[in-house]
Amino acid sequence: MRRGLGRGRSLIVVGAVLALISVPLAWRKAGGIVLDVSTDWGFGGGGLNMFVAAALMLILVVLPFTTETRQVALDRPLAYATLLVVAVGGLLLALADVIGGDEQYSLMPLDAPGLWLAIVAMAITTWGVLELLAEQPPPP
């Protein structure tokens with residue numbers, strides 16, 4: 001029986017919440033002084049994949065607390081690793097879209113706080129998943 005969240009799952013919760021917060025923030029900004037300001041957020045393209053994967057990670061962390069035994073078959077490090085691959089893949093797709101676009105976007109932290117927060121969130125989530133993968137199974 002799992003007693004608490006543990007270090008890995010706690011890091012996953014922090015990273016997933018930060019990822020969810022980052023999506024409605026500005027991910028890129030173009031224009032300014034002469035041109036109209038154009039701002040995009042994370043719900044387009046790969047950012048949506050990251051959003052869904054982060055939400056599913058939170059659900060996976062909470063799911064064992066809904067049962068009496070606190071044991072759920074899906075609550076395994078491999079499930080978190082799979083969702084992490086989807087989330088990081090979505091972030092990389094969003095980065096490729098930002099960098100490879102036609103317009104010149106400003107990626108400075110004040111102009112694209114959502115993008116930078118998403119990068120930090122995925123780093124924290126990766127750390128948490130690595131903690132889970134390195135965790136020794138409890139004795140029977």
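Criterion: ILVMFWY side-chain heavy atoms under 4.5 Å apart, direct or through other members. Under it, Leu56 and Leu91 are part of a common hydrophobic cluster. Under the 4.5 Å side-chain contact rule for hydrophobic residues, Leu132 and Val14 share a cluster. Under the 4.5 Å side-chain heavy-atom criterion for Ile, Leu, Val, Met, Phe, Trp and Tyr, Leu93 and Val86 are members of distinct hydrophobic clusters. Ile124 and Val62 sit in two unconnected hydrophobic clusters of ILVMFWY residues. Membership requires side-chain heavy atoms under 4.5 Å apart, directly or through other members. One hydrophobic cluster holds both Val120 and Leu115 under the rule that ILVMFWY side chains link at heavy-atom gaps under 4.5 Å.
Between Tyr80 and Leu133 the shortest side-chain heavy-atom distance does not fall below 4.5 Å. Annotation: side chain of Leu84 is in contact with side chain of Met57 (closest heavy-atom distance under 4.5 Å).
To the nearest 0.5 Å, atom CG of residue Leu11 and atom CG of residue Leu5 are 10.5 Å apart. In this structure, the separation between CD1 on Ile59 and CG on Leu74 is 11.0 Å, given to the nearest 0.5 Å.
Taking every heavy atom of both residues into account, Val23 and Gly47 meet most closely at CG2-O, 4.3 Å. In this structure, Ser22 and Ala118 approach most closely via the heavy-atom pair OG-CB, 3.5 Å. For the pair Ala19 and Met50, the tightest heavy-atom approach, listed with the atom from each and the gap, is O-CE, 3.8 Å. Closest non-hydrogen pair, Ala121 versus Leu18, comes out as CB-CB, 3.6 Å. Residue Ile21 comes nearest to Leu25 through the heavy atom pair O-CG, 3.6 Å, listed as atom of the first residue, atom of the second, then distance.
Looking at Ile12, Leu78, Leu60, Val52 one by one, the single match for side-chain contact (heavy atoms from CB on, under 4.5 Å) with Leu83 turns out to be Leu60.
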